[in-house]
Each structure stands twice: as C-alpha cells, then as structure tokens.
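I have placed the structure first, in the form of structure tokens, so that the comments after it can refer back to it.
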Amino acid sequence: MVRANGAVSLRELARVVQTSEVTVRRDVRALEAEGLLDRRHGGAVLPGGFARESGFPQKSHLATAEKTAIADLAAGFVEEGEAIVVGAGTTTQELARRLARVPGLTVVTNSLLVAQALAHANRVEVVMTGGTLRGSNYALVGSGAEQSLQGLRVSRAFLSGSGLTAERGLSTSNMLSASVDRALVQAAAEVVVLADHTKLGTDTMFQTVPTDVITRLVTDEPPGHDDRAATELQALADQGVQISVAGGPGAGAGQPASEVMAADRRGPRRDVPLPGQRRNLAPGGGGSGPQLRTAAPLAEPPGGRVADLAPRRR
C-alpha cells in the first residue's frame with residue numbers, strides 16, 4: 001500500500017487487514033527496521049528523510065478524517081466579508097470547500113486546488129497569484145507568485161505544511177513552496193496553521209513560519225499513545241500559540257471537540273494570549289498596500305475548543 005500510494009495511515013491499515021492499530025504499529029516498526037518505509041505519527045511513508053516530499057495523491061490518503069474535522073473547525077474562524085489568504089495543501093483544500101458558503105469573502109491563493117474548490121461559489125471572489133505551476137501539489141511558486149503578493153494586506157493567512165515543531169515552527173520539504181508561504185504570511189495580520197497530529201513533532205528541511213509568528217494552530221486530538229504530539233502541543237502553547245482541537249474520538253456533528261490531554265490541564269478553559277512579537281503584525285503597521293480588512297479576534301467557533309494548554313510557569 002505504501003509503494004502504491006506513497007503514504008498510508010495506521011487507521012487505514014488496521015481497517016484493511018482487520019486488526020488493531022497496536023498490531024499494525026508493531027509491524028510497521030519492523031518494516032522500518034528493514035528500511036522498507038519510514039514511520040510517521042499516525043502512518044508510514046516511503047523512505048526519504050528531510051528532503052522527501054510526497055505528492056498530492058499520497059498526501060490525500062493520510063489522516064483524511066482528521067483533515068476534514070480540522071477544516072470544519074477552521075472554517076468557523078472566517079467571517080462574512082473578510083479577505084484572507086489560503087496556502088496550498090490537502091488540508092487547506094478541505095477548508096476551501098467549506099468557505100464556498102461564506103458570503104462576501106475574498107480569497108487570495110496560489111493553489112489551483114483551492115481555487116477549483118471555490119470556482120462555483122458565486123459569493124466568493126478568488127484572487128490567484130502569478131507564478132510557475134508546481135505539478136506535485138498544484139501550486140503556483142517562484143518569483144512571479146511572490147511578487148504578486150507584494151503590497152497585499154489581508155486579515156488572516158491559513159497555511160499547512162509538512163511538519164510543525166515548537167522549536168522551528170512550520171516547515172516544508174520544498175524551497176520554492178516555503179518561499180511563497182513566507183510571502184503569504186507577510187500579507188496577513190494573523191497566521192492560522194492547519195496541521196493534523198501526524199505533523200506534530202515532524203521537522204522538514206525549509207522553515208516557512210517561525211513559531212513566534214503563528215497566532216493559532218488548528219489540529220485534531222492526538223491518540224492517547226502519541227506522547228510526542230501531546231508534548232509538542234504543550235511546547236507550542238508555552239510559546240504563546242493558541243491551540244484549537246477538532247474532532248476527538250466520539251465527537252460527532254454539533255458536538256464540541258475534545259481537549260488535548262495535558263499533564264497540567266486544570267481550571268477554566270482559556271485562550272493563550274498572543275505574545276508581544278505578533279502585535280507588530282496588526283493591519284496598518286509594518287507594511288504598505290491596501291488594507292482589505294482588519295482582523296477580528298479569533299473567537300472559538302462551534303465544533304471546537306481552545307485547548308486548555310496554558311504556558312507553564314518558569
């Protein structure tokens with residue numbers, strides 16, 4: 001399955017072979033020891049290390065349920081009449097499908113898949129960057145894409161990537177994609193990262209968004225055995241990133257998503273305050289060009305919760 005698709009989730013493997021994820025995880029570990037694949041949190045991919053990047057067909061098979069839940073929650077942060085940028089990726093494509101119902105929305109994107117998802121939304125204006133088409137992820141990259149973003153100002157950027165750590169922030173395996181993502185960030189007052197738990201604790205070659213620039217992370221609840229993902233979430237909260245968790249086990253339509261399990265999860269639920277470094281990204285400061293709309297505070301939408309992860313006391 002990995003050879004055919006480039007990547008596979010443990011959940012899908014367990015379903016196909018009709019056994020538990022615990023058993024599948026043990027077998028995947030043995031296959032990794034033989035050099036046949038690389039383990040990732042929640043799945044496995046073809047060997048390749050930091051520089052390897054799976055194409056769209058491979059990525060679309062990983063953590064599909066989690067990406068759907070994340071997109072559902074992230075769409076609730078977008079308001080009528082807002083102007084946003086949406087980067088390339090399978091999770092942002094899921095988000096775009098839900099944005100088609102937001103009236104008066106303006107979406108700037110370098111992703112053909114995002115634009116396609118919004119093509120028939122008559123109340124949404126889609127603005128595409130220029131650039132050179134990168135076929136593996138259907139995104140426009142290069143100097144043309146970056147130059148078309150100069151002078152642009154929007155309220156929020158919604159981005160995905162290949163990995164997310166508290167130490168380096170969001171990263172990707174491709175230099176051209178990373179450069180365009182950085183230009184998208186420069187155009188936005190706030191940055192919202194969409195990353196399922198399989199990307200937490202994963203570090204790839206090119207940094208796109210440093211941790212201190214990320215306003216909020218929208219993710220799914222890590223499995224109980226995934227200590228690394230839970231630890232990474234706490235580390236991100238310690239650095240001031242607001243955490244929103246979607247689609248915990250047993251969460252259905254209209255039900256609140258479950259909270260991240262953390263050792264010090266006690267007391268009332270609350271947003272983690274933005275650190276001072278991000279306040280210089282407010283609209284009207286530190287940049288020129290049209291002010292499309294100021295960013296309203298990111299209140300938690302229905303269907304998700306701000307994870308109760310307060311920064312640890314030093």
With a 4.5 Å cut-off on side-chain heavy atoms, are V108 and V86 touching? no
Are the side chains of T202 and L200 in touch, meaning some heavy atoms are under 4.5 Å apart? no
What is the distance from atom CG of L113 to atom CG of L118, rounded to the nearest 0.5 Å? 11.0 Å
Is any side-chain heavy atom of T109 closer than 4.5 Å to a side-chain heavy atom of V85? no
So, do V24 and V22 sit near enough that their side-chain heavy atoms are less than 4.5 Å apart? no
I'd like to know if the side chain of N110 and the backbone of T129 have a donor-acceptor N/O pair within less than 3.5 Å. no
With distance as the sole criterion, is a donor-acceptor pair present between the side chains of S162 and T204 under 3.5 Å? no
List the residues meeting side-chain hydrogen bond (donor to acceptor under 3.5 Å, both in side chains) with Q116, not counting sequence neighbours, and say none if there are none. none
Would E232 and R228 pass as an ion pair if we require N to O under 4.0 Å? no
Main chain of D227, side chain of T231: is a donor-acceptor contact present, judged purely on distance under 3.5 Å? yes
Quick one: does I84's side chain get under 4.5 Å of S155's, heavy atoms only? yes
Looking at every non-hydrogen atom in both residues, tell me the closest pair between F77 and R216 and how far apart they are. CZ-CD, 3.5 Å
Are a donor atom and an acceptor atom from the side chains of S171 and Q207 found within less than 3.5 Å of each other? no
Would you please test N137 and N174 for side-chain contact (heavy atoms from CB on, under 4.5 Å) and show each step? CA-CA 11 Å; N137 65 345; N174 181 266; over 6 Å; no
Just how far is it from atom CG of L133 to atom OH of Y138, taken to the nearest 0.5 Å? 9.0 Å
Should the pair E190-R156 be classified as a salt bridge under the 4.0 Å nitrogen-to-oxygen rule? yes
Applying side-chain hydrogen bond (donor to acceptor under 3.5 Å, both in side chains), can you list everything that pairs with R25, at least two apart in sequence or on another chain? H225
Heavy-atom donor-acceptor pair, T208 side chain to R182 backbone, under 3.5 Å: no
Going by heavy atoms in the side chains, are V192 and L159 under 4.5 Å from each other? no
Using only atom types and a distance under 3.5 Å, with no angle test, would you say the side chain of T219 pairs donor to acceptor with the backbone of A195? yes
Distance in Å, D181 CG paired with L184 CG, rounded so as to fall on 0.5 Å steps: 5.5 Å
What distance separates L170 CG from L164 CG, expressed to the nearest 0.5 Å? 6.0 Å
Side-chain heavy atoms of L140 within contact of M128, under 4.5 Å: yes
Establish, from distance only, whether the side-chain atoms of E146 and S179 form a donor-acceptor pair under 3.5 Å. yes
Could you give the distance from CG (D212) to CD (Q239), rounded to the nearest 0.5 Å? 8.0 Å
Work out which heavy atom in I214 is nearest to a heavy atom in G169; give both atom names and the distance. CD1-CA, 4.4 Å
Quickly, which of L217, L233, V213, V193 forms a side-chain contact (heavy atoms from CB on, under 4.5 Å) with V241? Name it, please. L217
Should the heavy atoms of other residues, nucleotides or ligands under 6.0 Å from CZ of R97 be counted, would the total exceed 12? yes
Between A96 and A117 the two heavy atoms that sit nearest each other are CB-CB, 3.8 Å
Nearest 0.5 Å please: distance from the OG atom of S20 over to the CG atom of L13. 12.0 Å
Partners passing salt bridge (charged side-chain N to carboxylate O under 4.0 Å, His left out) against E32 (at least two apart in sequence or in another chain): R39
Kindly give the heavy-atom pair with the smallest separation between V102 and L105, and that separation in Å. O-CB, 3.5 Å
Inspect the contact between E66 and K199 and indicate whether a charged nitrogen and a carboxylate oxygen are less than 4.0 angstrom apart. no
Is there side-chain contact between L95 and L194, with heavy atoms separated by less than 4.5 Å? yes
Will you find, in the side chains of R168 and T211, an N or O donor that is under 3.5 Å from an N or O acceptor? no
Write down the atom of V114, the atom of T92, and the distance for their closest heavy-atom approach. CG2-O, 4.0 Å
Which atom names give the shortest non-hydrogen contact between S177 and R134, and what distance separates them? OG-NH1, 3.3 Å
